[in-house]
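All heavy atoms count here, side chains included; hydrogens, waters and symmetry mates do not.
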Amino acid sequence: MSERVKSNKKSPAPVAAAKADAALPVLGPIGMLRWAWTQLTSMRTALFLLLLLAVAAVPGSLFPQRPANPFVVTQYIKDNAEYGELLDTLQLFDVYSSAWFSAIYILLFISLIGCVVPRAIAHYKAMRSQPPRTPKRLSRLPEYGTLVVPADAGLPASDAIKSAAGVLRKRGYRVEVRDDDGARPSLGAERGFAKEVGNLVFHTSLIGVLVSVAIGGLFGYSGQRILVEGDTFVNTLVGYDQFTPGTNFQSSQLQPYSIQLDKFDVLFDRESPGKFGQPIDFNAEVTTRETPDAPAKQEVLKVNEPVTLGGTSIYLTGNGYAPVVTIRDGAGNIAMQGPVVAKLQGENYYSSVVIKVPDAKPDQLGFVGFFLPTAFVTDDGISFSGDPDLFNPQLTLNSYFGDLGLDNGAPQNVFELDVQDLTPLNNRNLDAGGITLAPGSTYTLPDNKGSISFDSVKRYVGVDIHHNPGQLYALIFALLAVAGLIVSLYVNRRRVWVRTGTHEDGRTMVEYGLLARGEDHRLAAEAQAIRQLLAEEWDLEDSASTQQTPSRQGDNGADSVTTPTGSAGPTKDQ
């Protein structure tokens with residue numbers, strides 16, 4: 001015994017020596033490429049890349065993005081000089097067009113294609129192949145049962161297997177009958193190929209969504225424009241207040257349609273005590289032309305009801321008031337005339353107003369103040385808006401003169417006026433006081449600098465214009481992905497085998513078994529349904545003449561199974 005133990009202790013030495021002497025094969029360049037392709041096209045890698053893409057998109061919501069607002073990005077870099085340039089170098093202000101985000105996107109695209117194509121080929125071959133051969137012992141299957149057809153029924157084993165095949169075909173199975181002329185004919189049946197089809201449709205649709213999003217990012221564009229009643233927007237680059245092009249955008253993509261704002265109405269709540277004065281409906285009447293020579297068309301633009309022109313969707317996103325003013329310079333000439341967009345600042349359409357008059361002579365003029373649709377004045381002399389409708393409109397301004405800084409070509413925000421280098425003319429702290437105007441009134445500026453008249457009030461709307469050539473396809477592929485996912489979740493891949501035989505006393509013995517590919521909680525119900533259909537086909541009653549062996553849910557590996565006496569079912573010796 002001790003010698004045997006000693007020999008066992010020495011035995012690992014030759015094994016270790018053999019392992020040490022073993023030489024691993026060299027993959028080489030082609031082998032490395034094959035290994036890398038296998039890793040890239042695995043489902044695990046595809047899921048990892050999908051998660052990585054979601055994580056990579058997070059900086060796009062944390063930092064301002066240059067395509068959306070380049071001015072904000074420039075200001076952010078100035079305000080954070082210690083790390084702003086580093087973030088810009090890492091392309092964190094252009095996340096969705098950055099090299100690293102594009103790399104993840106392309107790798108995910110390739111990985112999904114590499115996953116789907118081989119699976120589609122394998123599934124096509126599986127659909128064209130015959131069901132697997134009949135197992136020798138059907139009793140080992142998860143669902144198993146037997147039926148006995150009496151001898152006086154006159155149903156031989158060959159006819160029984162053919163009628164069983166007909167029953168399964170009606171139930172949607174693909175059936176192959178084997179040895180129908182033999183003593184123990186059998187059949188194999190299979191169904192549920194739609195499960196893998198749904199899985200393939202789901203993954204293919206994900207590829208379609210990626211392609212559609214890429215097309216939208218490459219060839220789409222978006223922009224914003226403010227339209228005052230009576231203004232017309234023509235779809236050209238100079239017609240936009242703000243324009244964000246796609247990566248491969250070409251100006252030739254812009255179809256020269258036009259849209260004119262004829263009238264804009266807002267319906268305010270005048271009945272609810274808690275929501276009195278709140279806007280409840282917006283209605284913009286517009287005139288559109290698909291091309292310059294096309295006939296005019298009257299349409300209505302509402303919230304969540306865009307107008308579609310030239311492949312673009314025009315959305316109503318904002319509104320407000322635009323006081324119409326006339327400003328004359330010191331020489332009495334009209335330096336500016338027209339509506340001025342008032343930017344909403346508070347409740348009841350309390351809005352800020354900025355007016356820049358660079359053409360005034362001898363000095364440029366600037367105005368800053370507020371527009372109140374329904375003006376009220378407190379005991380302290382503070383004006384506020386008491387209602388969003390035009391019951392008592394009022395324009396309150398401070399005036400300045402000097403160099404507005406517009407001649408040096410530097411861009412400025414039209415809603416802001418830098419008064420640091422300007423000289424005030426009107427102000428509450430000056431002897432001249434501020435300017436308060438009602439519609440139809442005129443105010444003469446101090447020091448013969450000119451005058452300003454408040455002529456009337458118009459409404460304006462803000463519109464978002466979007467062109468995304470891949471949007472419709474993305475929606476279609478998304479719906480297909482959902483449909484494919486539902487099919488893959490609710491359709492089960494099942495196989496059924498039936499074997500028949502004739503007993504010495506003339507009875508026809510039938511046994512059947514079912515197997516599912518993957519987890520299938522409804523397999524037992526399917527087995528019972530097939531048993532019932534076969535019993536009805538052969539006019540059998542579920543009594544002593546029909547016997548069933550319990551499902552093999554906990555004892556699938558049993559070597560023997562109980563069958564009717566003398567049946568053709570499997571035995572321990574088979």
Side-chain angles (χ1 to χ4, degrees), residues 226-231 261 263-284 316-327 336-357 365-400 413-417 419 424-430 432-446 450-462:
I226 292 178
L227 284 175
V228 182
E229 288 177 328
D231 284 356
L261 178 62
K263 186 179 180 181
F264 180 70
D265 292 318
V266 181
L267 179 62
F268 297 102
D269 189 346
R270 300 300 180 185
E271 298 179 358
S272 303
K275 299 181 179 179
F276 186 85
Q278 296 293 321
I280 56 177
D281 190 28
F282 304 93
N283 188 76
L316 178 64
T317 58
N319 70 94
Y321 291 104
V324 180
V325 299
T326 300
I327 300 175
M336 176 196 167
Q337 187 175 41
V340 178
V341 173
K343 184 179 180 181
L344 294 179
Q345 296 291 346
E347 295 181 355
N348 294 324
Y349 280 70
Y350 173 82
S351 309
S352 62
V353 176
V354 172
I355 306 174
K356 301 177 184 181
V357 192
L365 299 175
F367 301 85
V368 177
F370 299 96
F371 172 75
L372 309 175
T374 301
F376 286 88
V377 181
T378 65
D379 296 337
D380 298 331
I382 299 176
S383 299
F384 67 96
S385 180
D387 195 274
D389 221 336
L390 293 172
F391 294 131
N392 182 31
Q394 184 182 94
L395 192 58
T396 303
L397 299 171
N398 294 333
S399 64
Y400 303 85
N413 191 331
V414 296
F415 298 110
E416 296 179 359
L417 177 63
V419 300
L425 283 172
N426 290 94
N427 194 309
R428 294 183 61 184
N429 299 325
L430 300 178
I435 302 173
T436 301
L437 296 172
S441 61
T442 301
Y443 180 86
T444 302
L445 300 175
S451 64
I452 178 172
S453 300
F454 182 12
D455 302 329
S456 60
V457 181
K458 293 184 177 182
R459 290 185 180 271
Y460 73 84
V461 299

How long is the gap from [atom1] on [X] to [atom2] on [Y], to the nearest 0.5 Å?
X: L316; Y: L227; atom1: CG; atom2: CG; value: 10.5 Å
X: F268; Y: N348; atom1: CZ; atom2: CG; value: 8.5 Å
X: F367; Y: I327; atom1: CZ; atom2: CD1; value: 4.5 Å
X: L267; Y: I280; atom1: CG; atom2: CD1; value: 4.0 Å
X: Y460; Y: I226; atom1: OH; atom2: CD1; value: 6.0 Å
X: Y400; Y: K356; atom1: OH; atom2: NZ; value: 13.5 Å

Judged by atom type as modelled, is there a donor-acceptor pair below 3.5 Å linking the side chain of [X] to the main-chain atoms of [Y]?
X: Y349; Y: F371; value: no
X: E229; Y: F264; value: yes
X: T396; Y: G369; value: no
X: N392; Y: A375; value: yes

Quick one: closest heavy-atom pair of [X] and [Y], and the distance?
X: N319; Y: L344; answer: O-CD1, 3.3 Å
X: D269; Y: K275; answer: CB-O, 3.5 Å
X: P373; Y: S385; answer: CD-OG, 3.3 Å
X: L425; Y: A432; answer: O-CB, 3.8 Å

So do [Y] and [X] actually touch side chain to side chain, heavy atoms under 4.5 Å?
X: V353; Y: V340; value: yes
X: V414; Y: V354; value: no
X: D281; Y: D265; value: no
X: L437; Y: V325; value: no
X: N426; Y: P446; value: yes
X: V461; Y: F282; value: no

Using residues 450-458 as the side-chain source, report each donor-acceptor pair under 3.5 Å to any protein atom, sequence neighbours left out, with the distance given to one decimal.
| residue | atom | partner | partner atom | Å |
| --- | --- | --- | --- | --- |
| S453 | OG | T442 | OG1 | 2.7 |
| D455 | OD2 | T326 | OG1 | 2.6 |

*Pairs satisfying salt bridge (Lys or Arg N to Asp or Glu O under 4.0 Å), at least one member in residues 384-397, at least two apart*: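 Counting only pairs at least two positions apart or across chains, the salt bridge (Lys or Arg N to Asp or Glu O under 4.0 Å) contacts touching residues 384-397 are R270-D387, R270-D389, D389-R459.
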*L261 vs D231, side-chain contact (heavy atoms from CB on, under 4.5 Å): CA-CA, chis, key distance, verdict*: CA-CA 6 Å; L261 178 62; D231 284 356; 5.8 Å; no
*Atom CD of E347: over 12 foreign heavy atoms under 6.0 Å*: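 Incorrect, the count does not exceed 12.
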*asked:* Using ring centroids (six-membered ring only for Trp), state whether Y350 and F384 fall under 6.0 Å.
replied: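 No - the distance between ring centres of F384 and Y350 does not fall below the 6.0 Å cut-off.
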